Every structure is written in C-alpha cells, then in structure tokens.
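FYI, side chains are in, hydrogens and waters are out, and symmetry mates aren't considered; it's all heavy atoms of this structure. Proteins come first, then strands; the chains are lettered A, B, ... in the order of their sequence lines, and each starts at number 1. Small disclaimer: the values here were computed from a predicted structure and weren't measured.
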There are 2 protein chains.
Amino acid sequence: MMKMSDVAKLANVSPATVSRVLSNPELVSKETRQKVLDVINEVNYKPHIVARQFRTKETKIILVVVPDITSAFFSKVLRGIEHVAVNNGYQVILGDTENDIEREKEYINLLLQKQADGMVLLTARLNKTNLEEISEHFPMVLACEYMDGLNVPTVSIDNISSARKATEHLIKLGHTKIAHITGPINVILSRDRMRGYQQAMMSHELDIDSAYIQEGDFSFESGYNQTLKLLALENPPTAVFAFNDEMAMGAIKAAKDSGLKAPEDLAVVGFDNVKMSSVIEPNLTTINQPKYEIGKKAMELLLKLINGESINKKKFVMKDELIIRESCGSNPDLKEQTKM
Amino acid sequence: MMKMSDVAKLANVSPATVSRVLSNPELVSKETRQKVLDVINEVNYKPHIVARQFRTKETKIILVVVPDITSAFFSKVLRGIEHVAVNNGYQVILGDTENDIEREKEYINLLLQKQADGMVLLTARLNKTNLEEISEHFPMVLACEYMDGLNVPTVSIDNISSARKATEHLIKLGHTKIAHITGPINVILSRDRMRGYQQAMMSHELDIDSAYIQEGDFSFESGYNQTLKLLALENPPTAVFAFNDEMAMGAIKAAKDSGLKAPEDLAVVGFDNVKMSSVIEPNLTTINQPKYEIGKKAMELLLKLINGESINKKKFVMKDELIIRESCGSNPDLKEQTKM
DNA sequence: CTGAAAGCGCTTACAG
DNA sequence: CTGAAAGCGCTTACAG
C-alpha cells in the first residue's frame, strides 16, 4: 500500500508538502501542487484516514443511535440528519440498537472512544445522570424523545399534549369507552403519550378502565393482539388510541378479523403519520410529527456543539398536527372544531 | 483525557502491561492484572480506539452500503448482516446512498481508506471493472443484486426466474394483457426482472405492447402514477406485475381511485414480500425473498474474506417463493399448479 | 513557499 | 511475566 512518503519521494517533495496539497492546497505553489497531484493520480494514492484521524483528533463522522432501523418513522428523521451532515462534510453512521440497551451502550462507547465527533440519540434508555455526564464531555443531542429535566439539548414534539389532542378528538366524536395501546412502558415516550391520554380522559371526566390500557411493543402484531384482547372484554371499547401508526394498523386489522368495521364499530387513532397511514384503508387519523425537521434541527445543534459554539436553549419543541382522515369516521365540520 | 501511559504510571507498571491487560489479559499475572484493572476503573480510563486501529490496522467495523434506508426490504437484509456481525465482534455502520451514485462512491472510499475492515454492498451502480479492482484489494461482498460475470462474491435470488414465475402466475390465471412496472432501468435488478417478465410473455406467445412497460422509481407514488397511465391506455392491461411491493401497492391504490377493483378489474403481483404486503387489502400476491438469510449469508462470506479464508464459490443463489394471496384473485386449487 | 522533526496513543517483537 | 523501544502514517508549528 502506497503511503504519503512514497508519493513525496516520487514527486521530489517532502511529505509535509504532500499533506498540504491534500488538506491546504492554497499553501502550495501551483506548480508543486500540480506535480504532486499528478503523482497522486498516477499511483492512485489514497490517504490513510485512520492515521489522519489519529493525528487531528477529528473523525468527521457522526453517530446516530436508532432504536429500530426498520421503522418508517425513524428513517425519515434520519434523512433530515443525513442531509445536514453531508452538507457539512460529515459522514453519518448508523447504530441500530434493536431496542436493546446493551447495543445502545456499545454505540455510545464508540463516541467515548472517539470514533465519532458527536452523536445524536434517537432513543435514550440510559438514565439521566449517565447521559448528562457523557454530554458534558462529548457533543451529543437527543431527538424524538424528551426526558424531563435532562440537561442535554433535545429536539422533539410535545408528546403529552399531542396524545391529549388525539384522545380528545375521539372524545369529541362522542366516544367514552376509549382504550389506549401503549409502547413498552419502560420507554419514556410511552409514558408521555399515556399521560396525555389520561389527562384527556380525566379532564372530560371519563373513567379509565384499567383493562383499557394495554402495553404493546411498537409492532403491528402487538397492536393486533392487544386489540383482540380489548375486543374480547366484557365491556369492549368503541375507540382505540395507539402509541404509533404501526400498532394502529394492527388494531384495524384486528377489528376486521373480528368481524367489526373501522371506524363504524371501532374508531382508531394512530401517531407519527407514517407513509402507510394514508395508504391503508381506512386511512388513519393520526398525529403528524415533523420527522425530517426534527432530524435537521438535531443535526444543526450537534454541529454547533462540535464547533464549540454554545447553545443558549436546551429544549426545542417542534410543531405537531392532528391529521384527520377516515379511521375515526370524522366529517369535515368536525375538522374545524379540532384545529388547535 | 487520560491515556494509557497515565494509567501505567498510576499502577506502577509499563504501558505495555496496561495494553496487555486490555488485549491479552492471559499474558499478565493475576495480581498485576488486578492492580491495573483497579486503576482503569478508578479513573474510568477508555482506550483511544482510533490509536489502536491505527496501530493494528484493524477497525472491527464493517460497512454496509444501502441504496435506501427507508425501504422495508433492505432493513430486513440489514438485520441478517447485523446479527452475524455483532456475534463476531464487529460493529456495523450503515451508509445510506439514497440511490445516489456519488454517495455510493463516498462510502466505498471509507473502505479504500481503511476506515472499515470490509464492506457489503446492497446495491452496485459502479461498473464491473471498478468493483472487481476494489474487490481484489479489500474484503467485499455484493448482496441482493447479481451482476453477470462479476468476479465478486454475491448472494441473491435468481431474479430473472422469479420474475418469470410471477408473470406466469398471471398468465395461468388467464391474463394476456399484462403490464410491467419496472424499477429505474439503469439498475441491473430492474433489467433482470423485466427480462423475466419478457421471457414469460414470449414463451407463452403473448405480445408485449411497448406501452405496457412503464418505468417507476421503486416508490409507492411512482407505482400509483404509472398505473394511472396504464389504465388510461386505449387498450388497458388487465394485470400488472410490479418490480416491488411498494409499487404494487401504488398500483392497487390507483385502480381503486379509478373506480376499479383489484383483483377483479386489475390483478396485481408484487415482489419482495414486505411486511405490508400482507396487511394491505387485497393482500398482495408476491415473490418472497429470504431477506434475513441473504444478509446472514453475505456477512458470513465477508467474515471469511476478512479472515483471509478463500471462498471457492462466487455466486450464491438463495431460494425465492411465489406467495399467492388475494391481489390476483387466485384460488387454492391454482396454488398447487404454481408451486415449482 | 517548503522541509525537518516531533508527536498523536497505542501495540508488539525482542530481550531478559 | 514484564519493560524499553520502535513504529504505525499522518499533520503542523517552527524555521528558513
């Protein structure tokens, strides 16, 4: 393998000059530069990046930790991150944790061991103290999820209020027996959306049958199975608010397979406004998250941290929106009322 | 930042010993080892991995180049890759090209510049000579896509025969006016599947109206739009074979929006057997690719290459399967005939 | 504008 | 079982 000193010899210059041609060409005279470039092309020299990284202490790599690469939701957030990263000369590498905290820790170690210049977390299973300690020493931002009182830059929507909005939509349509399929309850996001659901129910003085809250695992299948459970109840709900669109689609399927129709027999609200939510029938009423913008904003903040700029604000709340489609059987008149 | 020599000093040993404790603990006496580990824990020392990589010329990272991280198909292949990688002590980093050849080249450069020990390509827009040259010097395997005569280890199904099988299914159901929505025609895979379609048509002496072949871009939207075009033809097709499930779903939606019913008025076959294909209504008849296994096999081969083992065979063909569901209106009897 | 030299933080062959 | 020393391939402050 050719190295810089070999190129230098062939071009009759010092290694320092070759280095300059590559990294600061304006410091080298035109003729010398051309001579060096010719040799580089001729022998197809590629600098050894790890050596450069080692020397400069910069990797020009940012790490994104994703809980589930398979998810239509996260892939949109990723796109936002990627675009601003690439535009600023950074490579994005993805760490898929598959919702496993051990894998999450491994990826975080990449950062601690300086294999990346910064990190954006799309999930945080770690506890607050840990995260804050890492954040003190390394550029890091949290996106999608908000951890109460966490002193780390965060970009997300207000999940509690969005979930409240979604539940209230059902209430306004006249439903009183409203169930909720949560995400894994050890995930903050799941608890936040459940909180929103509870707030809405309570503020309208509706009882929450404890059997109406079922824990899913984000998957279509779990939405399907939990809905089957709900429908088998002695006093089954007439509406379901699901943590995400995946599970909402599972809920609709479960209703159909039980001989019920959505929205007539079971109204369903999802969350995320994933592509498929407008393809499936009935089209899902759901909460839109500005996925791309969340990713974009998160990466912009990370860039600032990497460049040593200070961030005055820690918490960035993005705008969500209730998208009313078919799965709750709403009508255009109603749409007016629910706009907030 | 604490470094190895600092730890050494605190533990009253040489840096070499600290290094051994970390990488070859069996070379160090129990007492010394414990003394060093105590210091490491006490000061929370993390080795500087880039320095190690630089020294050992190993990154323990493998790079996967994905054309579209958003795709439900590729994410399953990724899982197969990840699992065997992680089990063998490798980190997987993902390079999303967004179908852009420039981004593909950038990621390949990561390999050439030794930032990864090997690479699996889930797409190959580069030409054969380029790929072979890289493959001679660096561990690399190609998955999902097969390039004729390419001397690089490859794992894929036989796309031509699968596409033929899918088209023949339509023919057996009595269709003669069968359209095909291709992927971008500069992608090998698109040409392969089109070839299978053409072979099936020709071997059954069916004409292919050139307007029956429409080029899509993998997306739901393009499937939708191209189907609208097909249906607007003076002599519209009664069946469509789409390059993938995404576009097949778009085709179904287009039929519905045109007041037609699938499968009665328009039969649709997809490709990939993506999760959503069994959720959407009508359920898609499609070709199953063993996604996870393709990824697994590809990573196993890559590991062999990295370890300097030789691979006797270059071309690994995985088994596909025609999955008959609702979107072509087939019946159980027919299922028997089409099993191959 | 260019070169000589030091040094980034590890690992490993060698010697004892 | 342990240490001294060389060296991986670059970059950069310094000198000229």
Hey, can you pull the donor-acceptor pairs under 3.5 Å for the side chains in residues 130-156 of chain B, sequence neighbours left out?
{"residue": "B:Glu132", "atom": "OE2", "partner": "B:Asn151", "partner atom": "N", "Å": "2.8"}
{"residue": "B:Thr154", "atom": "OG1", "partner": "B:Val152", "partner atom": "O", "Å": "2.8"}

Just verifying a value: how many Å separate [X] [atom1] and [Y] [atom2], rounded to the nearest 0.5 Å?
X        : Y        : atom1 : atom2 : result
B:Leu111 : A:Ile49  : CG    : CD1   : 12.5 Å
B:Gln91  : B:Ile61  : CD    : CD1   : 6.5 Å
B:Ile108 : B:Arg125 : CD1   : CZ    : 11.5 Å
A:Arg52  : A:Ser19  : CZ    : OG    : 7.5 Å
A:Gln113 : B:Gln53  : CD    : CD    : 9.5 Å
B:Glu26  : B:Asn24  : CD    : CG    : 5.0 Å

Any salt bridge linking A:Glu293 with A:Lys296? Criterion: basic side-chain nitrogen under 4.0 Å from a carboxylate oxygen.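 The answer is no: the pair does not qualify as a salt bridge.
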
Sequence neighbours left out, what passes ring-ring contact (aromatic ring centres under 6.0 Å, His included) with A:Phe74? Give chain and number order.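 ring-ring contact (aromatic ring centres under 6.0 Å, His included) list for A:Phe74, sorted by chain: empty.
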
Heavy atoms of chain A, cut-off under 4.0 Å: which first and last nucleotide of DNA chain C, 5' to 3', fall inside that, if you could look?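 First-to-last contact on DNA chain C, by the 4.0 Å heavy-atom rule, is C:dC1 to C:dG9.
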
Among residues 32-53 of chain B, which ones have heavy-atom contacts with DNA chain D below 4.0 Å?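 Nucleic-acid contacts, sorted: B:Thr32.
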
Tell me which residues in residues 7-28 of chain A lie within less than 4.0 Å of DNA chain D, going by non-hydrogen atoms.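 Those residues are A:Ala16, A:Ser19, A:Arg20, A:Ser23.
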
Between C:dG16 and C:dT12 - C1' atom distance, rounded Å: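 Between the two C1' atoms, the distance is 16 Å.
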
Between B:Phe218 and B:Leu189, is any pair of side-chain heavy atoms under 4.5 Å apart?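 They are not in contact (no side-chain heavy atoms under 4.5 Å apart), so the answer is no.
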
A:Ile93 side chain near A:Gln115 side chain, heavy-atom distance below 4.5 Å: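 A side-chain contact under 4.5 Å is absent here.
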
What pattern of brackets, bars and dots sums up DNA chain C from 5' to 3', given Watson-Crick or G-U wobble pairs under 3.5 Å, [ ] for crossing pairs and | for another strand? |||.||||||||.|||

Take a 6.0 Å sphere around NZ of A:Lys9 and say whether it holds more than 12 heavy atoms from other residues, nucleotides or ligands.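 No - once you tally the heavy atoms of other residues, nucleotides and ligands closer than 6.0 Å, there are 12 at most.
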
